[in-house]
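Below you'll find the structure, written out as structure tokens, and then a few comments.
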Amino acid sequence: ADIYKRAKKERKRVVSWDWIEACIHKGELVPIDDCVLYHPPLTLDGHPDMADVRVCVTGYVGERRQQLINMCKSLGCEYMRVLDRKSTHLVCHEFEGAKWAKATQTGLQRIVSHRWLEECLRQWQRLPEETFSHFSGADEDERAQAAEAAQVRHTQEGAIADLSLI
């Protein structure tokens, strides 16, 4: 903790083990802002408001699923492989499938997209689930890609306008 505080005070970039693994996996330096997990959590003990949260995930596979599991660990909530009465949240890639149907039918779990976990970790607080229950994870991904494409177009249009002044 002292090393971390000193590094931050000296304005050094502090990264997480997840960032190091991503760089090794891709064989190049990955931008630290590509994933909320690339920044170290404020504490290794998790956030106290997340201690009673039990998360089940559906529709995510491979590296993406592992990232969600790691977010749960960083936040201090419990990842559950099976959706059961102890589960408090279901993180859905799509609003379909057996787990989603069961959670919708019983009403025992809050159904959210992956953005809920990401934003809880980014802001280091338990956020209201309602904001993250309107769009599935796939919908959130599409919205993020559209926003990124719009930003690229805006940047390109600005560059073209600058060239026309020459």
Side-chain angles (χ1 to χ4, degrees), residues 1-26 28-81 83 87-95 99-100 103 109-155:
D2 291 334
I3 294 171
Y4 173 79
K5 289 177 185 176
R6 187 174 60 215
K8 291 302 273 184
K9 185 177 180 180
E10 294 173 4
R11 297 180 176 238
K12 292 182 180 177
R13 184 160 300 242
V14 180
V15 298
S16 70
W17 185 253
D18 289 283
W19 180 80
I20 295 168
E21 286 181 333
C23 292
I24 292 169
H25 178 74
K26 292 195 177 190
E28 63 185 22
L29 292 179
V30 175
I32 191 170
D33 292 327
D34 275 6
C35 178
V36 68
L37 283 169
Y38 298 165
H39 299 272
L42 295 179
T43 175
L44 298 177
D45 299 325
H47 194 285
D49 292 343
M50 300 296 277
D52 63 338
V53 174
R54 291 175 183 83
V55 176
C56 186
V57 174
T58 186
Y60 294 91
V61 296
E63 182 181 342
R64 191 82 182 274
R65 183 181 201 88
Q66 188 59 50
Q67 286 178 343
L68 295 172
I69 293 168
N70 291 350
M71 285 180 209
C72 288
K73 289 177 185 174
S74 293
L75 285 164
C77 53
E78 182 181 348
Y79 167 73
M80 302 186 72
R81 292 183 57 201
L83 182 72
S87 307
T88 60
H89 292 74
L90 179 63
V91 177
C92 291
H93 186 257
E94 296 277 0
F95 289 155
K99 288 180 181 178
W100 174 81
Q109 294 84 16
R110 301 279 189 120
I111 300 172
V112 295
S113 73
H114 60 272
R115 296 250 312 121
W116 182 69
L117 287 173
E118 289 174 354
E119 288 304 314
C120 287
L121 189 54
R122 183 174 285 112
Q123 297 180 37
W124 198 247
Q125 61 178 316
R126 183 171 176 177
L127 298 169
E129 293 86 350
E130 177 64 26
T131 307
F132 304 94
S133 64
H134 302 294
F135 297 100
S136 69
D139 294 336
E140 291 285 7
D141 289 344
E142 286 178 20
R143 293 174 71 205
Q145 288 173 349
E148 190 175 303
Q151 179 62 36
V152 167
R153 279 193 308 276
H154 178 73
T155 302

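Annotation: side chain to side chain donor-acceptor pair (under 3.5 Å) contacts of Y38 (sequence neighbours excluded): none. For E63, there are no side chain to side chain donor-acceptor pair (under 3.5 Å) partners two or more places apart in sequence or in a different chain. In this structure, the side chain to side chain donor-acceptor pair (under 3.5 Å) partners of D141, at least two apart in sequence or on a different chain, are R64, H114. Residues passing the ring pair (Phe, Tyr, Trp, His ring centres under 6.0 Å) test with H47 are W124, sequence neighbours excluded. Not counting sequence neighbours, the partners of S136 by the side chain to side chain contact (heavy atoms under 4.5 Å, CB included) test are E94, F95, A138, D139.
No donor-acceptor pair closer than 3.5 Å links the side chain of S74 to the backbone N or O of P41.
A salt bridge does not link E28 with K26: none of the charged nitrogens is closer than 4.0 Å to a carboxylate oxygen.
Of all the heavy atoms in E129 and V112, the pair that sits closest is CB-CG1, 3.8 Å. W116 and L127 make their closest contact through NE1-O, 2.8 Å (heavy atoms, listed as atom of the first residue, atom of the second, distance).
Sorted by first then second residue, the salt bridge (Lys or Arg N to Asp or Glu O under 4.0 Å) pairs that include residues 30-52, not counting sequence neighbours, are D52-R126.
Heavy-atom neighbours of H25 NE2 from other residues, nucleotides or ligands within 6.0 Å: at or below the threshold of 12.
Within the cation-pi definition used here (under 6.0 Å to the ring centroid, within 45° of the axis), R115 does not qualify as a partner of F135.
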